[in-house]
Structure formats: structure tokens, C-alpha cells
Amino acid sequence: MFYHDSKLQYPVKVETPNPMFAKLLQQAIGGVEGEMRVALQYLFQAWGARGPAKYRTMLLETACEELGHIEMLATAVALNLEGAPRETVEEAAKDPAVAAVLGGMNPRHILSTTLAAMPMDSQGVPFDASHVYATGNIAADMLANVTAESTGRMLAVKLHNYTDDPGMKDMLKYMIARDTMHQNQWLAVWEEVGGKQAHPIPNTFPQAEENQSVNYTFYGTKRDKGEPTQGAWTQGESVDGKGTFKSEWLEPMGQELGLPPAQPWQGVQETQVGK
């Protein structure tokens, strides 16, 4: 069950409306780095969580916070659209392409809504949940969450640097700070469930059953060869402390590529049919 409050999570103020900035803010709503992505990611991770209940509870609490961020951003989009130039609105009624050129704004903010946000990215592509990751493996999900919050923080920083509006800068500073917390939050959970020692993920599969000759080998694939690429991933103890890195050139180990002949019913040529 979910509840809502009539007040926003954090103040949203726009001193100088900017329809172009409203378009950019849509990326923070429905883009791959956006709040719809993380809200649904944390919700589905929670709904599929097995094991200690505290992780499910924490995920639900953070998911609800992210829903509040969507509300803040949607409000910011609407407030920025309040400044849509009259001539842009008039031209949009005639030709959306002209409106896009004139104002740099998203024509659908005029044509599909009453100057309000939509569940889409800055290019007008509807949110489709293709980047919502919820595996049920707590360690894997926490790493996915760190990546989500990292790219989200990058986007918020770019938006902050793009705008000169004090109200928008203030809102984005708040969201950047929350991204800082969430990155640390997910890393804290990852550490609590084992951190580096919890790898490889999943750690329920016995490593003794892996192919021991390749499980800590970095493969070089350059055809001109020369010296293999060297780094912390090619020598010394592995990050999980369970092996030793080495590097080799990758050579073919499988059979020669080829498929059996086709059958006549597959609609092929006679030369492709087996005898």
C-alpha cells in the first residue's frame, strides 16, 4: 500500500521559465538515467526480495523517495513551460516542426498535454522500463543500483550546470546530494552482504566446478599482438582474493564453424539442401 502527501518532498521554484530546460528535465524523468527507472528498479527489487526483510523494507522506502523526485521534476517541467513564448505556442498549433525549431522545446508539451510533463525522455521517447534491473540477487542488484545512481548523478550535475535559474539549481543540488547518499547506501549493503568477498556473483555456485584454467585469465584479442595489455587485472591477486590474475592471447578452442545442410521445407536453394 502506498500513501501520498499534498506537499512536495523539496521546494521546486522557477524564477525564469525556460521551455527548452523543461525538455532537458524530461531526461531526468523518463530517460535511462532518470527517476522513473530507479523508482521502478527499487520497487521490483523489493517486490522480488528474498532473505532478510530489512533489505526489502529499505528498497521500498527508497523507491517511494524516488517517486517523490519524479513529482518534483514533473512540477519543474510544468513551471518551466509556463514561460512558453506565445509565438511558439501559436506556431505549434500550425506545425510542430516549426515550433521545435523556434523554441527548442518539445512540441508534445503543447500538443499532448496542457504544458505538463510526460513519461518520456528529452527526445520524446516513451519510458519503456528496458533498463530496470531486478535480478533477485542482492549483491548484483546493489551494483546495478550504484551504476543507476552514478549515471543519475551525472545527469543531475549536467542539468545543474546548464541552468542559471536559482530555483532549479537549488532543486538539483538537493537531488545531487540524494544521489550521493544512495550511491553510498547501495555500496553499504553490498559490503554488508560480503562486498568483494561475495564475488563471483552468484556465490552459491561452487567455484571448484568452474574451469579452473580460465577463471582469472585476461584474454588479449588484438591480432597484431605485440605486448599484451597490462594492468591490475592481468597480474597479482584477484579482487575477490580467490585467485591470481594472468593474461594470455585468446586462441580458438572450439570446433570449426558450420551448420548442417538445410531441409527443402525451409525455403532454401537446392545447393543448400543436404544429400
Side-chain angles (χ1 to χ4, degrees), residues 32-66 69 129-157 175-222 227-251 253-254:
V32 294
E33 315 93 333
E35 301 296 321
M36 290 185 70
R37 180 262 183 97
V38 292
L40 285 177
Q41 183 157 305
Y42 305 158
L43 282 173
F44 276 90
Q45 287 179 4
W47 292 332
R50 299 176 187 274
K54 65 178 181 178
Y55 299 128
R56 179 170 59 254
T57 299
M58 175 202 60
L59 283 161
L60 285 171
E61 289 171 335
T62 306
C64 287
E65 178 187 350
E66 302 291 8
H69 293 176
S130 60
H131 289 274
V132 171
Y133 304 122
T135 67
N137 181 303
I138 189 67
D141 283 348
M142 292 305 106
L143 292 177
N145 293 352
V146 172
T147 299
E149 293 288 346
S150 300
T151 54
R153 193 173 189 275
M154 285 179 62
L155 175 60
V157 167
M175 298 186 73
I176 290 168
R178 296 310 299 158
D179 289 336
T180 297
M181 170 56 193
H182 292 154
Q183 286 184 40
N184 281 275
Q185 175 181 329
W186 305 133
L187 285 170
V189 178
W190 177 73
E191 289 280 5
E192 190 170 272
V193 298
K196 292 186 293 185
Q197 282 65 49
H199 289 247
I201 297 171
N203 60 3
T204 50
F205 184 86
Q207 276 199 268
E209 296 184 25
E210 294 178 357
N211 184 328
Q212 299 295 306
S213 66
V214 298
N215 56 356
Y216 290 99
T217 302
F218 173 79
Y219 280 135
T221 56
K222 294 186 300 181
E227 287 297 319
T229 303
Q230 296 296 314
W233 59 92
T234 63
Q235 55 193 329
E237 186 179 54
S238 61
V239 176
D240 61 15
K242 300 172 185 177
T244 302
F245 285 131
K246 62 180 179 179
S247 64
E248 296 177 358
W249 293 114
L250 179 60
E251 300 293 346
M253 292 179 281

Pairing of E192 and K54 as salt bridge, 4.0 angstrom limit
yes
Any chance you could measure E149, atom CD, to W186, atom CH2, to the nearest 0.5 Å?
7.0 Å
Can any side-chain N or O of K242 pair as donor or acceptor with the backbone N or O of Q207 at less than 3.5 Å?
no
Give a yes-or-no answer on whether the side chains of H131 and E33 include a donor-acceptor pair shorter than 3.5 Å.
no
Check this for me, if you would: do E35 and R37 make a salt bridge, where the nitrogen-to-carboxylate-oxygen distance has to be below 4.0 angstrom?
no
For Q185 and T62, does a side-chain donor sit closer than 3.5 Å to a side-chain acceptor?
yes
For a side-chain contact (heavy atoms from CB on, under 4.5 Å) check, start with the C-alpha distance between M142 and L187, then their side-chain angles and the critical distance, and finish with the verdict.
CA-CA 7 Å; M142 292 305 106; L187 285 170; over 6 Å; no
What about the rings of F218 and W249, do their centers lie closer together than 6.0 Å?
no
CD of Q230 to OG of S247, rounded to nearest 0.5 Å, is 4.5 Å
Determine whether more than 12 heavy atoms belonging to other residues, nucleotides or ligands lie under 6.0 Å from atom OH of Y55.
yes
Heavy-atom check, side chain of L59 versus side chain of L43, under 4.5 Å:
no
If every non-hydrogen atom of A63 is compared with every non-hydrogen atom of A39, which pair is closest and at what distance?
CB-O, 3.7 Å
To check you understand the geometry: which heavy-atom pair defines the closest contact between A139 and I201, and what is its length?
CB-CD1, 3.7 Å
Can you tell me if N137 and T135 form a side-chain donor-acceptor pair at under 3.5 Å?
no
Can you tell if the side chain of Y219 reaches within under 4.5 Å of the side chain of E248, non-hydrogen atoms only?
yes
For Y133 and A144, the nearest pair of non-hydrogen atoms, with its separation, is CB-CB, 4.3 Å
Heavy-atom side-chain proximity of R153 to Q183 below 4.5 angstrom
yes
Can you tell me how far NZ of K246 sits from OG of S213, rounded to the nearest 0.5 angstrom?
6.5 Å
Between CD1 on residue I138 and CZ on residue R50, distance to nearest 0.5 Å:
13.0 Å
Less than 3.5 Å apart, any donor N or O on the side chain of W47 or Y42 sitting next to an acceptor on the other?
no
Residues A156 and D179: closest non-hydrogen pair is CB-OD2, 4.2 Å
Side chains of D240 and Y216: any donor to acceptor distance under 3.5 Å?
yes
Can you find a side-chain donor-acceptor pair between Q41 and N145 that sits under 3.5 Å?
yes
Just verifying a value: how many Å separate N203 CG and H199 NE2, rounded to the nearest 0.5 Å?
9.0 Å
Going from CD on E66 to CG on L40, what distance comes out if it is rounded to the nearest 0.5 angstrom?
10.5 Å
